[in-house]
2 protein chains.
Amino acid sequence: MQTQGQVRSANLAAVLACLRDDGPRSRAQLAAGTGLTKATVSSLVGELVDRGLVSEGGLLRPGSVGRPGTLVELAGRGTCGIGVEINVDYLAVLVLDVAGEVRRQARVALDTAALEPAEVLARASAMTAAAHAEHPAVGVTVAFPGGVQGSVVRTAPNLPRWVGTDVAAGFAELALPVRVANDADLSALAEWSAGPHAHVPDLVYLTGEVGVGGGVITGGQLLRGSTGLGGEVGHLALTPGDAACGCGRTGCWETVVGLAALLRAAADPGDPLRDPGRDLEDRLAEVADRARDGDARTLAALADIGTGLGVGAAVLVSLFDPAVVVLGGYFAQLGEFLLDPLTQALGARVADPHRVVLSTLGFTAAVRGGAHVALQPVFTDPTTVPLEASA
Amino acid sequence: MQTQGQVRSANLAAVLACLRDDGPRSRAQLAAGTGLTKATVSSLVGELVDRGLVSEGGLLRPGSVGRPGTLVELAGRGTCGIGVEINVDYLAVLVLDVAGEVRRQARVALDTAALEPAEVLARASAMTAAAHAEHPAVGVTVAFPGGVQGSVVRTAPNLPRWVGTDVAAGFAELALPVRVANDADLSALAEWSAGPHAHVPDLVYLTGEVGVGGGVITGGQLLRGSTGLGGEVGHLALTPGDAACGCGRTGCWETVVGLAALLRAAADPGDPLRDPGRDLEDRLAEVADRARDGDARTLAALADIGTGLGVGAAVLVSLFDPAVVVLGGYFAQLGEFLLDPLTQALGARVADPHRVVLSTLGFTAAVRGGAHVALQPVFTDPTTVPLEASA
DNA sequence: GACAATAGTCCAGCGACCGAACGAATAGCC
DNA sequence: GGCTATTCGTTCGGTCGCTGGACTATTGTC
C-alpha cells in the first residue's frame, strides 16, 4: 500500500494540473489531456469531487454531434491558501482558492520597524485568522523582507530587530502549516504562477523596495542556494569602493539602484520627497509627476537608476539566461522612465536585451506567491485534502 | 500498462540509486534502505540482474548471528556510458561503467582549430567507435567548448569555424544516442557525481582554459537557462571599459582572468611562455616553476589573477549561494598561487569565503561528466536497458 | 424514427506491491 | 552433535489501481 497510492496521487495531481492549466473540461477531454483512460479519469474525478477540489459544472456546449460532456472544473469554494506579508511599513494578506481566484485581500499600513516583532506577529496572525475563518485554508506562507532559514529570520537589513525571530511560531494558534520565505522569492513565484509570463521556466524578478530584492526561477524551480540566500541581488558587489551599504560593505547594487539612492539623487535634503514620515507610494507618485512634468533633475536621477539597473541586469542575464526579467516594486511603478536607459545599458553588455518587462501584479506579488506556495501541496498530492463527510 | 510500469521503473531506479550511493549490500539492506518489502526487492534485483545492471557478489560478512546475506552490487561489465571531449588542442574519450569505474580513457593532442570540423569529428567518432567496440555503451555525450543548442554549436569563441555545426551528426554511424553539451557544464556535473564534493546540491565550477568556463548546479540540477547559455561566466561584464574581448565587447571577466591575461602579465612578447606553438601544459608548468622560484613578476601576475577570480567569484557566491566553488583547468593547476588572493578578494565582498576548493579531477572532468550524463537514462529508468538473452 | 457520434460507466483482467508464512543458513550454547 | 535464536531470501494469497472493451446515455443528422 505504499507505491500504489503514489500512482493514485500522481494521477489525481495530473487531473488537477490539467484543469488548472487548460481550464474546465469534460472527463473525455481530461482523458485525452492526461493520457489516462476514460474509466480511470471518471474514478479520479469522483475522488476529487469527494475531496471538494473539483465540481461538476454545466454541460459542455455540443459543438458537434454526440452526447455532450459534463464540465469538470476546479472548485472555487472549499480549499484555499493564505499568503501573508510582513514588510517595513505594512502588513498584507491574500487568500487564493484552488481555481486561482483571489477570495480575500487586505492590506494595512503599519510601521513595523517601530514595533516589537511579537506585536507585529500578533496583528498579522489576527489578520490571518480572520481570513482563515472565512476561507478555510490548507496552509499559510509568510513573506518576509530578508533571509530566512527554516522559519527563523537570519538577515533583515531593513528590520534588524527581527533577526533570530521564529516567524512561524507567531502563527502557531492557527494550527496550520506555516512556511516563511523571502518576499522577493515569493514574488518571483507569483510572476511564475500568474500574470502574462506564467510558467516561463526561466525568470528573474527584481523588486525595488526600501532595498532591492531578487528572486530567480531556473528550470521551473526557485533558486534557493545552500543556505537559502540564493538569488539575493541587493548586495551584489558591482562597484566596490562606492557608497557604504547597510550591510557593512561598500558598493552593493542596492546603494546604486535602491529607493534611497533614487530619492537622494532626485531631491535635496529639505525636499518633501525625502521626508521619511510620508507614505512611500505618495512620494513615488510625486516622483512620477515631476518626471512627467519634465523636471530635469528627476529625469536624470531616474536615468541613472535605469542605467544602474541595466548594469546589474546584464550580470543576471549573463548568468541565468532568463527568458524574461520582470521588474516589480517601485521599478514597475516608475518603469516608464527606467526602461529606456536600462535597455541601453543592458544592450551594451549582453546579446539580447529585449526581455525586460514590468510586473502587472503590483504590490500583491509577494502575498500572491505566498498563497500559491501554501496551495502547492494540494496540487502535488491531492490526497492531503480530507474527504468531505457531506458526500 | 502505463502508470503501473512507471512504478516498476521508479523502484528499479531506487534500488540502483541505493547501490550506487551506499555501496554493495544485501537484499535485506536494500529493503531497509528503499522502504520496499523484501519480496519486492527480490523481484527488482532479479530483473536488474536479467538486465545486466547488477550482479550477485560474495556473502556479506556475518558480523552477527543469522543467515548471511548475499551481496548485490552494480555490475562493472555490460553497461557503459561514453564521454567525448572536443577541445581546442586535444580530443579525449572516457568510458564509465554503471559502477562508476573508469574502464577506458584516451587523450590525443590535436590542433582542432587548424582542421575542418568534419575532419575532427571523423577522428573523434573513430575514437568513440573503438571505445564502444570494447565497452558497449548506452549513449555518448560530447563536451564542446562553446554554447550548444540541441546538438548544434551556437557560439564558440575559440573554435569559430564550428558555429552551426551539428556535432551529433558526426557520430551518427555509432547508432547511439548522442548528446552535446558545454564542457564546463559537464565538468560541473563530474564534480557533482564524483570526487570529494559529490552530491553537494549547490556547486559552482569555474575552469580556466583558453577562455573561462563555468557550470552551475543548483538544487542538484544543472542550470541551463532559457537558451542553454545559463552559467556562462566568461563574458560577465565586470569591468566595463577595459580590455577588448573576443566576443566583441569589453571588460569581460575572461579578459581579466583568462589564460591570455595571465601569460600577458607574466611574460613579455619574446618570452617562450608566449610562444603559441608550445604545449599549454608545458607553459603552465613553467609558470608554476617560476612562481616557486619566487619570480616577482610571475607572482604578481598570479596574484592579480587570483584577485580577479575573487571579484568574480563574489558575484557568483552572492547569486548562487553555493556550498562549494570548485576551480578546474589551469586554475586548479596553479591553485596554490591563486587561492590566497582569491580568498582575500572574496572575503571583502561576501560573508563566507571559506568554500573555494581545487578540482581533483584534472583535465578529465569534462569527459567524466559526459560519460556520467550518457549513463543517466539507465539510472532514471533501468528498463531502457534490454534484457540479456543469456539469462 | 433510425443511425452515427460522443460521453460516461461497468466489469473482468493484469501488473505491482504488500504482509505473512516458510525454508535456508549461520552463530552460540549445552 | 543437536537445539535455539536470528537473519536472509523466497513463495503465496490478497489488495489496489489502471486498462480495454462492452455497454448505456444523450445528442445531432438524415
Side-chain angles (χ1 to χ4, degrees), chain A residues 1-16 18-19 24-51 54-73 381-383 387, chain B residues 1-16 18-19 24-51 54-73 381-383 387:
Chain A
M1 270 198 254
Q2 193 188 21
T3 37
Q4 217 79 345
Q6 291 173 8
V7 172
R8 187 69 173 176
S9 289
N11 286 337
L12 289 167
V15 170
L16 272 190
C18 188
L19 289 173
R25 51 196 47 254
S26 71
R27 288 172 174 79
Q29 290 174 314
L30 281 170
T34 57
L36 297 163
T37 322
K38 281 191 300 173
T40 307
V41 169
S42 272
S43 161
L44 293 168
V45 167
E47 180 170 344
L48 290 174
V49 169
D50 290 346
R51 294 189 189 278
V54 309
S55 59
E56 297 205 344
L59 291 188
L60 186 58
R61 55 159 183 67
S64 71
V65 303
R67 170 177 167 180
T70 48
L71 275 182
V72 178
E73 59 188 4
D381 183 3
T383 62
L387 291 165
Chain B
M1 272 198 253
Q2 192 186 22
T3 37
Q4 218 81 342
Q6 291 173 8
V7 172
R8 189 69 174 175
S9 291
N11 286 337
L12 289 168
V15 170
L16 272 190
C18 190
L19 288 173
R25 52 198 47 251
S26 71
R27 289 171 174 79
Q29 290 173 314
L30 281 170
T34 58
L36 297 163
T37 321
K38 281 191 297 174
T40 307
V41 169
S42 273
S43 160
L44 293 167
V45 168
E47 180 170 345
L48 291 173
V49 169
D50 290 345
R51 294 190 189 279
V54 308
S55 59
E56 295 206 345
L59 290 190
L60 186 59
R61 55 154 184 70
S64 70
V65 302
R67 171 178 167 181
T70 48
L71 275 181
V72 178
E73 60 189 4
D381 184 1
T383 61
L387 291 165

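Chain naming here is simple, since letters A, B, ... match the order of the sequence lines and numbering starts at 1 in each. Note that these values count all heavy atoms, side chains included, but never hydrogens, waters or copies made by symmetry.
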For this session: May I have the step-by-step check of side-chain contact (heavy atoms from CB on, under 4.5 Å) for A/Leu48 and A/Leu16, ending in yes or no?
Result: CA-CA 8 Å; A/Leu48 290 174; A/Leu16 272 190; 4.2 Å; yes

Exercise. Yes or no on side-chain contact (heavy atoms from CB on, under 4.5 Å) for A/Val72 and A/Gln29, after CA distance, side-chain angles and deciding distance?
Worked result: CA-CA 10 Å; A/Val72 178; A/Gln29 290 174 314; over 6 Å; no

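In terms of phosphate contacts, B/Arg8 brings a side-chain nitrogen or oxygen within less than 4.0 Å of OP1 or OP2 of C/dC17. Side-chain nitrogen and oxygen atoms of B/Thr70 include at least one within less than 4.0 Å of the OP1 or OP2 phosphate oxygen of D/dG9.
Rounded to whole angstrom, the span from the CD atom of B/Gln6 across to the P atom of D/dG17 amounts to 16 Å. Rounded to whole Å, atom P of C/dA16 lies 9 Å from atom CG of B/Leu12. Rounded to whole Å, atom P of D/dG17 lies 8 Å from atom CD of A/Glu47. Rounded to an integer number of Å, the gap from A/Leu44 CG to C/dG8 C1' is 14 Å. To the nearest angstrom, P of D/dT26 lies 14 Å from CZ of A/Arg27.
Counting non-hydrogen atoms under 4.0 angstrom, B/Ser26 reaches the backbone sugars and phosphates but no base. At the heavy-atom level, A/Thr40 lies under 4.0 Å from base atoms of the strands shown.
Looking at the side chain of A/Asn11, the nearest of the listed nucleotides D/dC18, D/dT11, C/dC17 is D/dC18. Distance from the side chain of B/Lys38 is smallest for D/dC8 among the nucleotides D/dC8, D/dT11, D/dC18.
What you find for A/Ser9 and A/Pro382 is that their closest heavy atoms are O-CD, 3.7 Å. Taking each heavy atom of A/Cys18 and A/Gly33 in turn, the nearest pair found is SG-CA, 4.5 Å.
A/Thr37 pairs by the side-chain hydrogen bond (donor to acceptor under 3.5 Å, both in side chains) definition with nothing, not counting sequence neighbours.
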Scan nucleotides 1-6 of chain C against the protein and return all N/O pairs shorter than 3.5 Å with their distances rounded to 0.1 Å.
residue : atom : partner : partner atom : Å
C/dT6   : O2   : A/Arg67 : N            : 3.0

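No hydrogens or angles considered: a donor-acceptor pair under 3.5 Å links the side chains of A/Ser43 and A/Arg8.
Within the 4.5 Å cutoff, side-chain heavy atoms of A/Leu19 are placed close to those of A/Arg25.
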